[in-house]
Amino acid sequence: MLTSQEQERYARQIMMPELGEAGQETLKRSRVLVIGAGGLGSPAAYYLAAAGVGTIGIADGDTVELSNLQRQILHKESRLGQNKAVSAAKSLHGLNAQVHVQTYSQFMDEAHLRQVLPDYDIVIDATDQLENKFLINDVCVSAEKPFVHGGITGFSGQVMTYVPEKGPCYRCIFGEVPEDNAPAPIPVIGVTAGIIGTIQAAEAIRYLLGIPSLLTGKLLVLDGLRMQFRTVPFPHVSEHCPLHTRKGVTDL
């Protein structure tokens, strides 16, 4: 049940026919894991907390640096040198003290990710390295856990949502990590991270509420220089994806 304070806080959402009190109670019971408390994770986590998602997990082993503040709006100058997950929790609690924030102050490897996944309903991939994106994809597909991918560079970005048995995964679309891939700073303007991270939060909320027409089987692409969106369809899993061929699934 919603308290009187919660009814007041979320009044504008409760007015919506897609939510009502029942939908707001669903969000209150929901648990979302945000992996990465940087440019994408900042707006995603902020809007999840503002919407009243009851438990938000924040995983990041990095520390706040001055160069982060151009886009990573969860953090402040006064927190330089602090762990990003801890800094993020302070900001989220300052926005909504009713939300429980679970921090993971280390980088997620496969073993740790498999350990914490059962505690969450959906994952937001807010990382910035390809190896981590493939890791999140592979573990979530194996565990049959939905996740929302986001990627950004410059003025461009993309979002897709994986739901088990509903469409292709990240590896189906992008194959393998390039052999010449090496961790490097990604050029980006902060507003691009804000747009894509906010869309990721919207996808997670829509999934939790059971709203149809998620970004499954398609990739939403932002061209921020022209301020245009396009949707690229990927209706089938790849016959070359080892994750799906191993399960005997080649067409959805």
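- Applying the salt bridge (Lys or Arg N to Asp or Glu O under 4.0 Å) rule to Asp60 yields no partners; only residues at least two apart in sequence or on another chain are considered.
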### Derivation of the salt bridge (charged side-chain N to carboxylate O under 4.0 Å, His left out) call for Arg31 and Asp121
CA-CA 5 Å; Arg31 304 172 63 89; Asp121 302 308; over 6 Å; no
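- Within the model, atoms OG1 of Thr192 and CD1 of Ile186 stand 12.0 Å from one another, a figure rounded to the nearest 0.5 Å.
- The distance from atom CD1 of Ile189 to atom OG of Ser156, rounded to the nearest 0.5 Å, is 11.5 Å.
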Q: Give the C-alpha distance, both sets of side-chain angles, the deciding distance and a yes or no for side chain to side chain contact (heavy atoms under 4.5 Å, CB included) between Leu117 and Leu113.
A: CA-CA 6 Å; Leu117 267 188; Leu113 184 54; 4.0 Å; yes
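- A donor-acceptor pair shorter than 3.5 Å can be found between the side chains of Gln158 and His149.
- Within the 4.5 Å cutoff, the side chain of Leu40 has heavy atoms near those of the Ile152 side chain.
- Between Ala85 and Thr103, the shortest heavy-atom contact is O-CG2, 3.5 Å.
- Here the closest heavy-atom approach between residue Leu48 and residue Ala204 is recorded as CD2-CB, 4.3 Å.
- For the residue pair Asn83/Thr63, the side-chain donor-acceptor check at 3.5 Å is not satisfied.
- When all heavy atoms of Tyr10 and Gly52 are compared, the pair lying nearest together is OH-CA, 3.2 Å.
- Within the 4.5 Å cutoff, no side-chain heavy atoms of Asp138 are placed close to those of Leu135.
- Considering every non-hydrogen atom in both His75 and Ala37, the closest pair reads NE2-O, 2.8 Å.
- Thr55 and Arg29 form no side-chain donor-acceptor contact under 3.5 Å, judged by distance and modelled atom types alone.
- Side-chain contact between Ile196 and Val159 is present, with heavy atoms from C-beta onward closer than 4.5 Å.
- Of all the heavy atoms in Ala201 and Ala44, the pair that sits closest is CB-O, 3.6 Å.
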Go through the steps to decide whether Ile199 and Leu222 satisfy the test side chain to side chain contact (heavy atoms under 4.5 Å, CB included), and finish with yes or no. CA-CA 11 Å; Ile199 294 174; Leu222 165 68; over 6 Å; no
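- Judged by distance alone, the side chain of Ser30 and the main-chain N or O of Thr26 form a donor-acceptor pair under 3.5 Å.
- Remark: Glu77 CD is loosely packed, at most 12 non-hydrogen atoms of other residues, nucleotides or ligands lying under 6.0 Å away.
- When only modelled atom types and interatomic distance are considered, Gln24 and Gln13 share a side-chain donor-acceptor pair under 3.5 Å.
- Of the listed residues (Leu80, Val86, Leu74), just one forms a side-chain contact (heavy atoms from CB on, under 4.5 Å) with Val64, and that residue is Leu80.
- If you take CG on Leu214 and NZ on Lys218, they are separated by 8.0 Å, rounding to the nearest 0.5 Å.
- Remark: Glu110 pairs with Arg114 by the salt bridge (Lys or Arg N to Asp or Glu O under 4.0 Å) rule, at least two apart or across chains.
- Think of Phe107 as one node in a network of Ile, Leu, Val, Met, Phe, Trp and Tyr side chains linked at under 4.5 Å; it has no links at all.
- Counted within 6.0 Å of OH on Tyr120, heavy atoms from surrounding residues, nucleotides or ligands total more than 12; the atom is thus considered enclosed.
- Looking only at distances, a side-chain donor or acceptor of Gln200 sits under 3.5 Å from a matching main-chain atom of Val148.
- In this structure, the side chain of Lys166 does not engage the main chain of Gly217 through any donor-acceptor pair within 3.5 Å.
- Of the N and O atoms on the side chains of Gln98 and Lys28, not one donor lies less than 3.5 Å from an acceptor on the other residue.
- Distance CZ/Arg206 to CD1/Ile122: 10.5 Å, rounded to 0.5 Å.
- With a 4.5 Å cut-off on side-chain heavy atoms, Ile35 and Leu33 count as touching.
- You'll find the side chain of Pro242 reaches within 4.5 Å of the side chain of Arg171, heavy atoms only.
- You'll find the side chain of Leu243 stays beyond 4.5 Å of the side chain of Ser142, heavy atoms only.
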request  = List the steps, then state whether ring-ring contact (aromatic ring centres under 6.0 Å, His included) holds for Phe134 with Tyr170.
outcome  = CA-CA 7 Å; Phe134 278 95; Tyr170 183 83; 5.0 Å; yes
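- No side-chain donor from either of Gln72 and Ser42 sits under 3.5 Å from a side-chain acceptor of the other.
- Side-chain contact between Thr3 and Gln7 is absent, with no heavy atoms from C-beta onward closer than 4.5 Å.
- Annotation for Val141 and Cys169: closest pair CG2-CB, 3.6 Å, computed over non-hydrogen atoms.
- Looking at Ser105 and Lys84, their side chains never come closer than 4.5 Å, going by heavy atoms from C-beta outward.
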